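Okay, structure first, notes after.
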Amino acid sequence: MNTEQLFDHSLERVLARQRDGKAFFEAFYDAFIAASPEVAEKFRDTDMERQRTMLRKSFYHLLSFYASNDADYYLHRVAISHNHRHYNIRPHLYDLWLETLIATLWRFDVHCDEATELAWRLIMAPGIVYMKFHYERDAIVGS
Ligand code: HEM
């Protein structure tokens with residue numbers, strides 16, 4: 001199976017499952033907020049529903065960035081809103097986001113193996129590089 005097939009099958013499995021009464025994105029969200037006081041602080045003034053929406057959206061934004069392979073895609077606006085002048089999401093928080101996602105993947109996907117983990121990492125990687133790259137930049141390169 002290629003990277004996309006491994007990922008698609010795995011995503012289907014994780015979305016079909018609950019653990020401790022929680023669906024995949026809910027478990028991911030709880031783990032991310034618990035992972036660092038800096039994350040909790042970033043969401044201090046955000047209501048819980050919006051926080052959850054953000055995590056689900058961020059996942060699908062990264063996914064479509066990979067699929068469209070288009071730097072023009074509206075990840076632009078998101079990269080600006082997250083840069084040092086706005087939400088100020090420091091680059092290491094994207095690593096934490098990814099590690100939390102992978103840990104949640106292993107909890108939810110009973111057939112997860114190293115090839116599946118790698119597929120998830122490869123698919124999330126371009127969007128994460130894009131977000132980090134624009135952290136210090138005010139104008140968006142490539143637009
Ligand atoms: C992994 C890549 C990420 C993507 C694609 C992404 C995407 C989004 C989107 C679509 C929104 C709502 C629209 C907007 O306000 O621009 C949002 C809001 C937000 N994101 Fe992210 N996000 C990512 C990572 C992160 C990380 C690592 C943090 C760290 C805590 C974070 C913190 C926030 C905050 C604080 C908001 C504003 C919530 C509010 O008050 O409405 N994001 N993000």
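Atoms within each ligand, like the ligands themselves, are counted from 1 in listed order. Here the structure is a predicted model, which is why all the values come from computation and not from measurement.
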(message) Just to be sure I read this right, does ligand 1 sit under 4.0 Å from the backbone of T53, its side chain, both, or neither, counting only heavy atoms?
(response)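 The answer is neither.
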(message) Can you tell me which portion of S58 lies within the under-4.0 Å heavy-atom range of ligand 1? Options are side chain, backbone, both, or neither.
(response)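 Near ligand 1, S58 shows its backbone as well as its side chain.
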Report the distance from atom [atom1] of [X] to atom [atom2] of [Y], rounding to the nearest 0.5 Å.
X	Y	atom1	atom2	result
H134	H82	NE2	NE2	14.0 Å
C112	R107	SG	CZ	13.0 Å
F65	H76	CZ	NE2	8.0 Å

Evaluating non-hydrogen atoms only, which member of [options] is closest to [atom]?
atom	options	result
atom 8 (C) of ligand 1	H86, K57, H82	H82
atom 37 (C) of ligand 1	Y87, Y94, F65, F59	Y87
atom 10 (C) of ligand 1	E38, R90, H61	H61
atom 28 (C) of ligand 1	I89, I128, I80, L98	I89
atom 40 (O) of ligand 1	T46, V39, L63	T46

(request) Write out the residue and atom name of the closest protein heavy atom to atom 7 (C) of ligand 1, then the distance separating them to 0.1 Å. (result)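 Of the protein heavy atoms, V78 CG1, 3.3 Å lies nearest.
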(message) Ring-plane angle category for F28 and F24, please: parallel below 30°, perpendicular beyond 60°, tilted otherwise.
(response)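 The arrangement is parallel - the two ring planes meet at less than 30°.
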(request) For atom CZ of R50, decide whether the heavy atoms of other residues, nucleotides or ligands shown that lie under 6.0 angstrom number more than 12. (result)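 Atom CZ in R50 is not packed in, count stays at 12 or less.
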(request) May I ask you to list the atoms of ligand 1 that are less than 4.0 angstrom from any heavy atom of L93? (result)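 The atoms of ligand 1 under 4.0 Å from a heavy atom of L93 are 27 (C).
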(request) Give the numbers and elements of all ligand 1 atoms closer than 4.0 Å to a heavy atom of R50. (result)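 Those atoms are 39 (C), 41 (O).
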(request) Output yes when a protein non-hydrogen atom is found under 4.0 Å of atom 34 (C) of ligand 1, and no otherwise. (result)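 Yes.
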(message) Quiz question for you: does at least one protein heavy atom lie closer than 4.0 Å to atom 12 (C) of ligand 1?
(response)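 Protein heavy atoms within 4.0 Å of atom 12 (C) of ligand 1 - there are none.
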(request) Validate the cation-pi geometry between R137 and F133: distance from NZ or CZ to the six-membered ring centre under 6.0 Å, angle to the ring axis within 45°. (result)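 Positive - R137 is close enough to the ring of F133 and near enough to its axis.
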(message) Closer than 4.0 angstrom, basic N to acidic O: yes or no for E38 and K42?
(response)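 The answer is no: the pair does not qualify as a salt bridge.
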(message) I'd like to know if R85 and E136 make a salt bridge, using a cut-off of under 4.0 Å between side-chain N and carboxylate O.
(response)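 Looking at E136 together with R85, the answer is no, because their closest N to O distance does not fall below 4.0 Å.
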(message) If we check side-chain contact (heavy atoms from CB on, under 4.5 Å) with L62, which of these qualifies: V78, L101, I128?
(response)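 Exactly one candidate clears the test, I128.
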(message) With respect to S81, determine whether any N or O atom, backbone or side chain, lies less than 3.5 Å from an N or O atom of ligand 1.
(response)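 There is such a contact, yes.
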(message) Quick check: K42 and ligand 1, any N/O pair under 3.5 Å apart?
(response)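 So ligand 1 has no N or O lying under 3.5 Å from an N or O of K42.
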(message) Please confirm whether the ring centroid of W97 lies under 6.0 Å from the ring centroid of F59.
(response)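 Centroid distance W97-F59: not below 6.0 Å, so no.
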(message) I'd like to know if atom 21 (Fe) of ligand 1 has an N/O/S atom from M54 within less than 2.8 Å of it, counting both backbone and side-chain atoms.
(response)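 It does: M54 brings an N, O or S atom closer than 2.8 Å to atom 21 (Fe) of ligand 1.
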